[in-house]
2 protein chains.
Amino acid sequence: MDSFADRTKRRLRDELLDAAQDAIETGGYDGLRMAEVARRTGVSRQTVYNEFGGKWGVLEAVAARETERFLLDVNAALAEQSDPIDGLRAAVERALTLAGANPLIKAALSQPGSDQASQLLTTRGQQVLELAQLRLDAHVREHWPEVPAEDATNCVDVALRVVISHIVTPGPPPAVVAAQLARVLSPFLAESRRLHV
Amino acid sequence: MDSFADRTKRRLRDELLDAAQDAIETGGYDGLRMAEVARRTGVSRQTVYNEFGGKWGVLEAVAARETERFLLDVNAALAEQSDPIDGLRAAVERALTLAGANPLIKAALSQPGSDQASQLLTTRGQQVLELAQLRLDAHVREHWPEVPAEDATNCVDVALRVVISHIVTPGPPPAVVAAQLARVLSPFLAESRRLHV
DNA sequence: ACAAGATGTCCGAGCACTTGACATTCGGAG
DNA sequence: CTCCGAATGTCAAGTGCTCGGACATCTTGT
């Protein structure tokens, strides 16, 4: 099930991604060289192609891994709160803080070759949106089951889009945005809750 | 130079040794099963044979690695002291403490199949003796260059044999033995030093 | 227009692990 | 005592992955 070969394969992939991510954070998508990734990992260029198919595949994989980590972290912040409104605020603040400090996001947003990187960001954004949607939805329905599914979904959807907007176009500090968003959305949730006891 | 393949090879060897060492510490040399080592590492039995040649090779390798670690640790204790006598005491104490807490040594000394394990211990002991000899010698000559090489070597030799004896046949606490040894040997070194200014 | 550098593709050789089979040895049960 | 099971050790064929090199293509700067 988990042979040494399996672990080695995962490790190879991980180290390749480390090298690639480092390159991207330094020079953006254009600064990413397949040969460089191979050299840094101590592997032949062909191996990189075998693993990811091509340069685009590398970017995809790097983004996927980083997304995973990002969501894991945000979920942790969310799970610490029992009140959905507090959870919303905490998750939003954490997400914006992380995004602001993330070199990969920084590189993706500031690079000139954004015609491709930004495209990735949007597709990635879709996945993030879907995954986060599910997670947040579950959280709301767990603690406030009386809120209709549709209302919860809508509220979460709005919050997510605002957050993504703030990531793409940085504005006030994370805590401020989080508080604002919580203040704006809480009445909606509270009323929906009150109407469906 | 340090390709991914190289690292993987080292890791394989290391994980095999981990599994083998664990087995030995549990059931001694007889309790060590080649098939078990292979299974625990997630590798075929043949691979274990390819790596170590046979069961004896596994034991050899486990002992060699543990010896390496042992000496590294003792050397660290030695290096912390500038005065050779203090260094001697510190190294002796550390060695005895480590030996007393080492499951591998415990297994080697207490197992019934000592007809083979003890043989390993003695050959290993030779190597330890030689390596430690060099290291200690260098330490003495670095801080007390006026002591003749022969005197330093003799002193170190005596200390090492006493230490090994105390490992094989546990006696007083490490600190006591270390202090005793230091007290016994320090006059010899001091006089030798005084005579060769 | 040309040269340089990078991506992407193909293929043959080589290496290490796997799999399965078999001989051999040892210790315990009948 | 003999037989059987378990473990060590050995061998050969099969397999997967990587390597190294060659080549076509595309972009970029000169």
Side-chain angles (χ1 to χ4, degrees), chain A residues 1-24 26-62 111-117 119-120, chain B residues 1-24 26-62 111-117 119-120:
Chain A
M1 282 296 180
D2 185 51
S3 69
F4 180 80
D6 293 336
R7 271 169 285 157
T8 298
K9 187 112 184 84
R10 281 199 298 273
R11 196 179 308 274
L12 169 60
R13 195 181 168 86
D14 238 46
E15 292 192 23
L16 288 173
L17 288 179
D18 288 341
Q21 180 159 349
D22 194 71
I24 292 175
T26 302
Y29 180 78
D30 290 335
L32 175 63
R33 301 273 176 272
M34 300 296 277
E36 177 69 7
V37 172
R39 194 191 59 76
R40 291 260 294 266
T41 312
V43 95
S44 78
R45 198 166 61 93
Q46 182 60 34
T47 298
V48 185
Y49 280 93
N50 290 343
E51 187 63 33
F52 301 107
K55 192 171 176 175
W56 180 255
V58 173
L59 186 60
E60 268 279 331
V62 168
Q111 278 302 319
S114 61
D115 49 334
Q116 295 189 303
Q119 176 183 350
L120 175 72
Chain B
M1 286 291 183
D2 185 52
S3 69
F4 181 79
D6 293 335
R7 271 169 284 155
T8 297
K9 185 107 184 92
R10 280 198 300 273
R11 195 179 308 274
L12 169 60
R13 195 181 169 85
D14 239 45
E15 293 193 21
L16 288 174
L17 288 179
D18 287 342
Q21 181 159 348
D22 195 70
I24 293 176
T26 300
Y29 180 76
D30 289 335
L32 174 64
R33 297 290 129 92
M34 301 297 276
E36 177 68 9
V37 172
R39 194 192 58 78
R40 292 260 294 266
T41 313
V43 93
S44 78
R45 198 167 58 94
Q46 182 60 35
T47 300
V48 185
Y49 281 94
N50 290 343
E51 187 64 32
F52 300 108
K55 192 171 177 177
W56 181 255
V58 172
L59 185 60
E60 268 279 330
V62 168
Q111 278 302 320
S114 60
D115 50 335
Q116 294 189 305
Q119 178 182 349
L120 175 73

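What you see is a predicted model; the values in this text were computed from it and never measured. In what follows, chains are A, B, ... by sequence order, proteins preceding strands, each numbered from 1.
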Worked check of side chain to side chain contact (heavy atoms under 4.5 Å, CB included) between A:L17 and A:E51: CA-CA 10 Å; A:L17 288 179; A:E51 187 63 33; over 6 Å; no

Is A:E51 side chain donor-acceptor paired with the D:dC17 base, going by distance under 3.5 Å alone?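 Such a pair does not exist between side chain and base.
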
With a 3.5 Å cut-off and just heavy-atom distances, do the side chain of A:R45 and the base of C:dG8 make a donor-acceptor pair? yes

What integer distance in Å separates [X]:[atom1] from [N]:[atom2]?
{"X": "A:R11", "N": "D:dT18", "atom1": "CZ", "atom2": "P", "value": "15 Å"}
{"X": "B:R33", "N": "C:dT25", "atom1": "CZ", "atom2": "C1'", "value": "14 Å"}
{"X": "A:L12", "N": "D:dG16", "atom1": "CG", "atom2": "C1'", "value": "14 Å"}
{"X": "B:F4", "N": "C:dA16", "atom1": "CZ", "atom2": "C1'", "value": "14 Å"}
{"X": "B:K55", "N": "D:dT10", "atom1": "NZ", "atom2": "C1'", "value": "17 Å"}
{"X": "A:R7", "N": "D:dC17", "atom1": "CZ", "atom2": "C1'", "value": "18 Å"}
{"X": "A:F52", "N": "C:dG8", "atom1": "CZ", "atom2": "C1'", "value": "16 Å"}
{"X": "A:Y49", "N": "D:dC17", "atom1": "OH", "atom2": "C1'", "value": "18 Å"}

Indicate the atoms forming the closest heavy-atom contact of B:V37 with B:A20, along with that distance. CG2-CA, 3.9 Å

Nearest heavy-atom neighbours spanning A:D2 and A:R10: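 For A:D2 and A:R10, the tightest heavy-atom pair comes out as OD1-NH2, 2.9 Å.
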
Judged by nearest nucleotide, the residue sitting upstream toward the 5' end of DNA chain D, B:M34 or A:S44, is B:M34

Between [options], spot the one nearest the side chain of [X], thanks.
{"X": "B:V43", "options": "D:dT18, C:dT18, C:dA6", "answer": "C:dT18"}
{"X": "A:Q46", "options": "C:dC17, C:dT9, D:dT18", "answer": "C:dT9"}
{"X": "B:T47", "options": "C:dT18, D:dT18, C:dA6", "answer": "C:dT18"}

Looking at B:E15 and B:R40, is there a salt bridge between them, counting it only when a charged N and a carboxylate O are closer than 4.0 Å?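 Answer for the salt bridge query: no.
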
Looking only at side chains, do B:S3 and B:D6 share a donor and an acceptor under 3.5 Å apart?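 Per modelled atom types, B:S3 and B:D6 side chains form a pair under 3.5 Å.
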
Nearest heavy atom decides the nucleotide; on that basis, is A:L32 or A:S3 closer to the 5' end of DNA chain C?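 By nearest-heavy-atom nucleotide position, the 5'-most residue is A:L32.
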
